[in-house]
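This report refers to the structure that appears directly beneath it.
Only heavy atoms go into these numbers, but all of them, side chains included; no hydrogens, no water, no symmetry mates. Chain letters run A, B, ... following the sequence lines, proteins first and then strands; every chain starts at 1.
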Number of protein chains: 2
Amino acid sequence: MDIAAGLLAAEGPQALSTRRIAAEAGSSTMAVYTHFGGMIGLVREMVHEGFARLQDHLTKVVWTDDPVSDMALLGRAYRRNALANPHLYAVMFGGFSPAGFTLSDTDRQHGRYTLVNVAQCAARCIAVDRFDPGDPELVAHRMWVATHGLVTLELGHYLLEPYDADRLFEAQLVALMVSAGDIPDAAERSVAESRRRLDDEVATRLPQH
Amino acid sequence: MDIAAGLLAAEGPQALSTRRIAAEAGSSTMAVYTHFGGMIGLVREMVHEGFARLQDHLTKVVWTDDPVSDMALLGRAYRRNALANPHLYAVMFGGFSPAGFTLSDTDRQHGRYTLVNVAQCAARCIAVDRFDPGDPELVAHRMWVATHGLVTLELGHYLLEPYDADRLFEAQLVALMVSAGDIPDAAERSVAESRRRLDDEVATRLPQH
DNA sequence: AAGGGTTTCATAACACCGTTCTGGTACCCG
DNA sequence: CGGGTACCAGAACGGTGTTATGAAACCCTT
């Protein structure tokens with residue numbers, strides 16, 4: 001049942017309709033209501049799954065003795081997850097205008113929970129004197145805001161040549177590390193190291209064939 | 001006619017329906033088709049108006065002898081415009097899933113046109129040696145990405161106490177200037193100066209009551 | 001093992017949506 | 001003044017989410 005819903009989210013954005021899902025599952029529209037209490041309950045469930053999947057991606061990065069490289073890798077994992085499930089990511093962050101869908105405070109808190117990984121990594125960056133002393137949660141938020149902005153514009157096809165998303169992302173990564181206190185040369189090296197680590201550590205299965 | 005459409009966007013997100021507009025305008029649903037060729041044509045027109053309004057906000061900032069302050073003020077104007085027209089901003093950047101609405105390349109280019117203001121300001125920052133030498137358009141894109149990310153999360157109510165949007169925005173502004181090459185103390189001063197200039201230079205009428 | 005209560009779903013209906021077709025009206029322009 | 005065009009009211013079609021109504025299926029108790 002959830003599988004059918006996930007499949008539909010991957011095939012199309014507004015293919016999420018009670019009748020479409022019912023036809024795909026060989027069932028009736030009532031199934032959606034008995035299991036999820038309506039359409040918005042279903043998308044809420046999918047948002048939860050989306051955050052869980054994001055959490056999976058972020059926890060894949062292992063902590064090395066270069067926390068700045070770890071931090072950059074967290075950003076890469078975040079972006080990779082969003083690009084692997086573009087429609088799901090759009091729904092997670094408000095891309096579901098119809099039916100007055102608004103995610104509850106607990107939902108948002110659940111989403112913000114993924115930030116603890118980043119905050120811990122920021123704390124390690126500060127501990128080894130790569131980042132300036134300060135609030136690790138604040139720098140985690142700054143990383144999140146910038147990366148989310150880039151991913152959002154990339155998914156909306158707003159980032160075109162010659163300022164494509166790849167180039168902007170690389171530049172933004174080192175800029176974020178520098179603005180957090182790291183030395184430009186060191187930041188450049190750590191970001192480059194994270195680029196090498198990406199494919200090994202955070203392998204992404206395609207959005208369900 | 002456009003006024004009715006604008007009013008509806010301000011009253012609700014999915015109040016944009018042919019019948020609702022027709023009732024509000026005392027007309028029939030056909031009016032939407034004869035004037036805009038359908039629903040997606042209407043929202044496309046509103047997106048254009050949204051970008052025009054954004055451009056208005058950005059051109060309100062006057063160039064002073066402190067281009068970094070001007071740059072920060074551009075960011076404040078961008079955010080203020082988005083907060084003044086939240087639903088319109090959401091629609092501009094992909095928040096209209098139904099009916100397979102996709103904005104054309106020319107639309108996006110029209111949207112990216114607002115970046116020339118920022119790029120020019122970045123060039124001035126570089127010219128006076130406040131920013132490191134480099135591609136002004138690239139730093140303009142970085143400013144855009146970060147500010148857009150913050151505004152998006154703020155509109156989605158993802159930024160809660162104690163890391164609220166105001167605090168994050170201030171921190172991000174100085175961080176952006178620093179990562180572009182400015183000295184932290186100077187960046188702090190210019191950002192503070194831009195905060196003083198905001199209400200005078202870029203006054204925003206409320207989103208049409 | 002049988003009965004009662006709960007859960008689950010298929011069907012049909014309702015209200016709403018975007019869209020299209022059909023006329024009829026109003027306008028403008030020669 | 002006559003003719004052609006642009007515009008729009010109304011009805012209808014296929015789609016959506018949702019609800020009411022039963023009829024099955026299941027489970028759990030006796």
Side-chain angles (χ1 to χ4, degrees), chain A residues 1-50 86-88 90-104 107 156, chain B residues 1-50 86-88 90-104 107 156:
Chain A
M1 198 71 73
D2 292 58
I3 308 175
L7 276 170
L8 289 182
E11 90 155 33
Q14 68 267 21
L16 282 174
S17 64
T18 57
R19 287 173 174 80
R20 184 85 171 77
I21 294 174
E24 207 78 13
S27 158
S28 167
T29 67
M30 276 303 298
V32 178
Y33 291 86
T34 59
H35 290 295
F36 306 99
M39 199 63 209
I40 76 167
L42 189 145
V43 305
R44 195 182 305 276
E45 203 72 22
M46 298 188 54
V47 167
H48 286 167
E49 185 195 329
H87 299 175
L88 182 54
V91 170
M92 279 192 274
F93 292 98
F96 200 74
S97 38
F101 171 69
T102 56
L103 22 87
S104 70
D107 294 338
Chain B
M1 200 69 76
D2 292 58
I3 309 175
L7 276 170
L8 289 182
E11 90 154 34
Q14 69 267 22
L16 282 174
S17 64
T18 57
R19 288 173 173 80
R20 183 85 172 75
I21 295 174
E24 207 79 13
S27 158
S28 168
T29 67
M30 276 302 299
V32 178
Y33 291 87
T34 58
H35 289 296
F36 305 100
M39 199 63 209
I40 75 167
L42 190 145
V43 306
R44 194 182 307 276
E45 202 72 23
M46 298 188 54
V47 167
H48 286 167
E49 185 196 328
H87 300 202
L88 182 54
V91 171
M92 279 192 273
F93 292 99
F96 200 74
S97 40
F101 171 69
T102 56
L103 22 88
S104 69
D107 294 339

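- Proximity note for A:R19 (side chain, C-beta onward) versus D:dA20, D:dC7, D:dT18: the nearest is D:dT18.
- We find that CG of A:L16 is positioned 9 Å from P of D:dG17, with the value rounded to whole Å.
- Across B:G50 and B:L88, no two heavy atoms sit closer than the pair CA-CD2, 3.5 Å.
- Taking atom CD1 of residue A:I21 and atom P of nucleotide D:dG15, one finds them 17 Å apart after rounding to whole Å.
- Regarding contacts with the backbone of C:dT7, every side-chain N or O of A:H35 stays at 4.0 angstrom or more from both OP1 and OP2.
- Phosphate contact (OP1/OP2 of D:dT18, side-chain N/O of A:T29, threshold under 4.0 Å): absent.
- The two residues A:L16 and A:M39 come nearest to each other via the heavy atoms O-CE, 3.1 Å.
- Rounding to the nearest 0.5 Å gives a distance of 11.0 Å between NE2 of B:H87 and CE of B:M46.
- B:M39 comes within contact range of the sugar-phosphate backbone alone, with a heavy-atom separation under 4.0 Å but no base atom that close.
- Here D:dT21 presents its P atom at 12 Å from CE of A:M30, a figure rounded to the nearest Å.
- The shortest distance between the side-chain N/O atoms of A:Y33 and the OP1/OP2 oxygens of D:dT18 is below 4.0 Å.
- Separating the CZ atom of B:F36 from the C1' atom of C:dT20 is a distance of 19 Å, rounded to the nearest angstrom.
- To the nearest 0.5 Å, atoms CZ (B:R44) and CD (B:E49) are separated by 15.5 Å.
- Within the structure, every side-chain polar atom (N or O) of A:S27 is placed at least 4.0 Å from both OP1 and OP2 of C:dC9.
- In terms of phosphate contacts, B:S17 brings a side-chain nitrogen or oxygen within less than 4.0 Å of OP1 or OP2 of C:dC17.
- Straight-line distance from the CG atom of A:L42 to the C1' atom of D:dG17: 12 Å, rounded to whole Å.
- Considering only side-chain N and O atoms, B:T18 lies under 4.0 angstrom from the phosphate OP1 or OP2 of C:dG18.
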